[in-house]
Amino acid sequence: MTTYNYEAFESEYYDFLDFPGPAVGEPMPALTFTNLAGGTVELASYRGKRVLLETGSITCPMYVKDVKKMQAVVAAHPDVVFVVMYVREAHPGKSIPAHGDAAMKAACAARLEETVTEGRMVLIDDLAGTAHRVLGSFPNMVYLIDADGVVTWRTNWSDTKQVAAILDGTATENQLRHDIVPPSRPTPWLAVGVLLRAGFGALMEFVRSLPSLLRAHGEVKRMNQEKDSAIGG
């Protein structure tokens, strides 16, 4: 197994069929972060309100693709605390390499506002990825936590339409049932732009991993189809 802050992306670093971490109905563990001002923030300090926590990084096309779309969701739900948890770089490259220290990670997190116009609260995980590992280590997952600190929904890949449906109470049975899903893909031009911003090597490493990523996509779809068939039968 690679170190947490891997220097180059490989699909083998992720198990796309397994989503460890607190499941629906379980309490969210006590997690502590650093905010952009350098202060300490405990997730439990938001008890009494619903919290939607999404993981992301500046080199993650899956996260970047929905930043602007999420602004409408945030505006429609002023009662919800929206948090972006900054994690390791999904696709580190020469220009934006793997985090070497906490200051470097904080600097990357601070670039979100100027680069992708992130209006949500950004909280930074520690260098070892303590909170990220607890929640499952996916680059762009989402947890919805109720006012009592209990997980009420989660997904391994964020999708704005799905998030909106969950918060609006209009989600389908499948959206509620499956927490391991195939990712909703960004447009090619956006993905290439994000990866080139990280560095040319990040793009090449992604291209090399694409066949295995597509295989994993198909395996997730088959897994969910089998679950649906078993329930329907």
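Everything quoted here is computed from the prediction, not taken from an experiment.
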Co-membership, hydrophobic cluster, residues [X] and [Y], 4.5 Å side-chain:
{"X": "V163", "Y": "Y46", "value": "no"}
{"X": "L52", "Y": "I145", "value": "no"}
{"X": "V83", "Y": "V74", "value": "no"}
{"X": "F33", "Y": "V151", "value": "yes"}
{"X": "F19", "Y": "I166", "value": "no"}

From [X] [atom1] over to [Y] [atom2], what is the distance, rounded to the nearest 0.5 angstrom?
{"X": "E89", "Y": "E7", "atom1": "CD", "atom2": "CD", "answer": "13.0 Å"}
{"X": "H132", "Y": "S57", "atom1": "NE2", "atom2": "OG", "answer": "8.5 Å"}
{"X": "W157", "Y": "D66", "atom1": "CH2", "atom2": "CG", "answer": "12.0 Å"}
{"X": "L43", "Y": "L123", "atom1": "CG", "atom2": "CG", "answer": "8.0 Å"}
{"X": "T130", "Y": "L31", "atom1": "OG1", "atom2": "CG", "answer": "9.5 Å"}
{"X": "Y4", "Y": "H99", "atom1": "OH", "atom2": "NE2", "answer": "8.5 Å"}

Is the closest side-chain heavy-atom distance between [X] and [Y] below 4.5 Å?
{"X": "F82", "Y": "M70", "result": "yes"}
{"X": "L195", "Y": "P61", "result": "yes"}
{"X": "F206", "Y": "E10", "result": "no"}
{"X": "L167", "Y": "L144", "result": "yes"}
{"X": "R185", "Y": "M62", "result": "no"}

Handout entry: Partner residues of E219 under the side chain to side chain contact (heavy atoms under 4.5 Å, CB included) criterion, sequence neighbours left out
Key = L17, R222

Taking all atoms of both residues into account, what is the closest heavy-atom pair of [X] and [Y], and its distance?
{"X": "P92", "Y": "A98", "value": "CB-N, 3.5 Å"}
{"X": "K221", "Y": "P182", "value": "CG-CG, 3.4 Å"}
{"X": "A164", "Y": "V73", "value": "CB-CG2, 4.1 Å"}
{"X": "V181", "Y": "V220", "value": "C-CG1, 3.6 Å"}
{"X": "A198", "Y": "A202", "value": "CB-CB, 3.9 Å"}
{"X": "I180", "Y": "N224", "value": "O-ND2, 2.9 Å"}

Where the side chain of [X] meets the backbone of [Y], is there a donor-acceptor pair that is under 3.5 Å apart?
{"X": "R215", "Y": "L210", "result": "no"}
{"X": "T155", "Y": "S158", "result": "no"}
{"X": "K105", "Y": "D126", "result": "yes"}
{"X": "D148", "Y": "V150", "result": "no"}

Exercise for the section: In sequence, state the C-alpha distance, the side-chain angles, and the governing distance for D146 and T152, and then conclude on side-chain hydrogen bond (donor to acceptor under 3.5 Å, both in side chains). Expected result: CA-CA 6 Å; D146 70 11; T152 57; 5.9 Å; no

Exercise for the section: Kindly indicate, with the supporting measurements, whether the criterion side-chain contact (heavy atoms from CB on, under 4.5 Å) is fulfilled by L176 and T172. Expected result: CA-CA 6 Å; L176 293 169; T172 66; over 6 Å; no

Exercise for the section: Dump the intermediate steps for side-chain contact (heavy atoms from CB on, under 4.5 Å) on K65 and T160, then the final yes or no. Expected result: CA-CA 10 Å; K65 71 176 174 55; T160 305; 5.8 Å; no

Contacts of type salt bridge (charged side-chain N to carboxylate O under 4.0 Å, His left out), residue [X], not counting sequence neighbours:
{"X": "R50", "result": "D79"}
{"X": "K68", "result": "none"}
{"X": "E173", "result": "R177"}
{"X": "D159", "result": "none"}

Practice task
Tell me who clusters with I96, hydrophobic residues only, linked when side chains sit under 4.5 Å apart either directly or through other members.
Solution key: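 Besides I96, the hydrophobic cluster comprises L36, I58, Y63, V64, V67, V84, Y86, L112, V116, V122, I124, W189, L190, V194, listed by chain and residue number.
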
Handout entry: Remaining members of hydrophobic cluster (4.5 Å side-chain criterion), M104
Key =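 Result for M104 is none, singleton.
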
Practice task
Establish, from distance only, whether the side-chain atoms of K161 and S184 form a donor-acceptor pair under 3.5 Å.
Solution key: no

Practice task
Check the angle between the aromatic planes of H91 and F9 and answer parallel, tilted or perpendicular using the 30° and 60° thresholds.
Solution key: tilted

Handout entry: Partner set under ring-ring contact (aromatic ring centres under 6.0 Å, His included) for F16, not counting sequence neighbours
Key =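 So F16 forms a ring-ring contact (aromatic ring centres under 6.0 Å, His included) with Y14.
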
Exercise for the section: Please lay out, stage by stage, how V24 and D179 fare under the test side-chain contact (heavy atoms from CB on, under 4.5 Å). Expected result: CA-CA 9 Å; V24 171; D179 59 3; 5.7 Å; no

Problem - Residue pairs fulfilling side-chain hydrogen bond (donor to acceptor under 3.5 Å, both in side chains) with at least one residue in residues 22-44, sequence neighbours excluded - result: none

Exercise for the section: Write out all pairs satisfying side-chain hydrogen bond (donor to acceptor under 3.5 Å, both in side chains) with one or both partners inside residues 200-214, taking only residues at least two apart or from two chains. Expected result: S11-S212

Under 3.5 Å, which donor-acceptor pairs link side chains of residues 134-143 to any protein atom two or more places apart or in another chain?
from : atom 1 : to   : atom 2 : distance (Å)
N140 : ND2    : E54  : OE2    : 2.7
N140 : ND2    : T55  : O      : 2.8
Y143 : OH     : L135 : O      : 2.6
Y143 : OH     : R154 : NH1    : 3.3

Exercise for the section: Under the side chain to side chain donor-acceptor pair (under 3.5 Å) rule, collect the residues that match up with D168, sequence neighbours excluded. Expected result: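 D168: side chain to side chain donor-acceptor pair (under 3.5 Å) contacts with H77.
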
